[in-house]
Amino acid sequence: LGSIIIVIGLVFVRPLISFGLIFALATGVALFVIGYFVHEAVNDFILRVVGLTSCQYALLDIKSDILDRPGVRSDAAMLAEETGIPTLIWGFLWIFVAMVCSAFFLLLASKRPHGEGQGFLAVD
């Protein structure tokens with residue numbers, strides 16, 4: 001993951017001397033170093049936190065597009081134009097799906113893989 005973030009930062013972040021590139025490189029190096037030197041259970045926990053944070057960000061993004069800025073052209077607005085189903089319905093449907101998926105992945109992430117002993121923050 002660290003290597004991927006470094007490559008994406010170098011390819012897509014402009015200007016080259018910017019906070020965005022420095023942040024991407026620092027995050028990539030930190031994840032690479034953590035992945036190489038830190039115990040596997042800690043790495044597993046960090047990846048779960050990153051994944052679940054991404055799921056939760058989807059909720060905030062949908063809320064921002066649909067509820068906070070209803071006049072802005074969004075995916076939901078474009079779907080409403082194509083289907084005749086109101087933007088708000090699309091937004092609430094996506095929020096519901098994102099919440100169900102987040103809950104599922106939270107439960108999945110909190111389970112210990114079969115055959116492992118006591119790990120870092122393992123929950124039965």
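Basis for what follows: all heavy atoms, side chains included, without hydrogens, waters or symmetry-related copies.
- A parallel orientation is assigned to the rings of Phe32 and Tyr36, their planes being inclined by less than 30° (bins at 30° and 60°).
- Here the side chain of Ser102 pairs a donor or acceptor atom with the backbone of Ala98 at under 3.5 angstrom.
- Linking ILVMFWY side-chain heavy atoms closer than 4.5 Å, directly or via other members, places Ile5 and Phe37 in two distinct hydrophobic clusters.
- Residue Trp94 is grouped with residue Ile89 when hydrophobic side chains (ILVMFWY) are merged at heavy-atom distances under 4.5 angstrom, including chains of intermediate members.
- Contact of the Lys63 side chain with the Arg69 side chain is not registered, since no non-hydrogen atoms from C-beta on lie closer than 4.5 Å.
- In this structure, Leu47 CG and Leu52 CG are separated by 11.0 Å, a value rounded to the nearest 0.5 Å.
- Leu25 and Ile17 end up in different hydrophobic clusters when Ile, Leu, Val, Met, Phe, Trp and Tyr side chains are linked at under 4.5 Å.
- Between atom SG of residue Cys101 and atom CG of residue Leu59 there is a gap of 10.0 Å, rounded to the nearest 0.5 Å.
- Rounded to the nearest 0.5 Å, atoms CD1 (Ile4) and CG (Leu31) are 10.5 Å apart.
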What verdict does the side chain to side chain contact (heavy atoms under 4.5 Å, CB included) test give for Leu88 and Leu67, after you've listed the backbone C-alpha separation in whole Å, the side-chain angles of each residue and the deciding distance to 0.1 Å? CA-CA 8 Å; Leu88 218 53; Leu67 301 176; 3.7 Å; yes
For a side chain to side chain contact (heavy atoms under 4.5 Å, CB included) check, start with the C-alpha distance between Ile62 and Phe96, then their side-chain angles and the critical distance, and finish with the verdict. CA-CA 11 Å; Ile62 295 166; Phe96 174 75; over 6 Å; no
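- In this structure, the side chain of Ser18 engages the main chain of Pro15 through a donor-acceptor pair within 3.5 Å.
- For the pair Leu93 and Ile85, the minimum side-chain heavy-atom distance is 4.5 Å or more.
- Under the rule for a side-chain hydrogen bond (donor to acceptor under 3.5 Å, both in side chains), Ser3 has no partner lying at least two apart in sequence or in another chain.
- Interatomic distance, Thr87 OG1 to Met78 CE, rounded to the nearest 0.5 Å: 10.5 Å.
- Side chains of Trp90 and Ser74: no donor on one and acceptor on the other come within 3.5 Å.
- The two residues Ala76 and Ile66 come nearest to each other via the heavy atoms CB-CD1, 3.2 Å.
- Each of Ile6, Ile8, Val7, Val13 was scored for a side-chain contact (heavy atoms from CB on, under 4.5 Å) with Leu10, with one residue passing: Ile6.
- Residues forming a salt bridge (Lys or Arg N to Asp or Glu O under 4.0 Å) with Arg14 (at least two apart in sequence, or on another chain): none.
- Annotation for Met99: atom CE does not count as buried by contact number, only 12 or fewer foreign heavy atoms lying within 6.0 Å.
- Cluster membership for Phe23 and Leu21, using ILVMFWY side-chain heavy atoms within less than 4.5 angstrom, is not shared.
- Asp75 has its side chain out of reach of Asp65: every pair of non-hydrogen atoms, C-beta onward, lies at least 4.5 Å apart.
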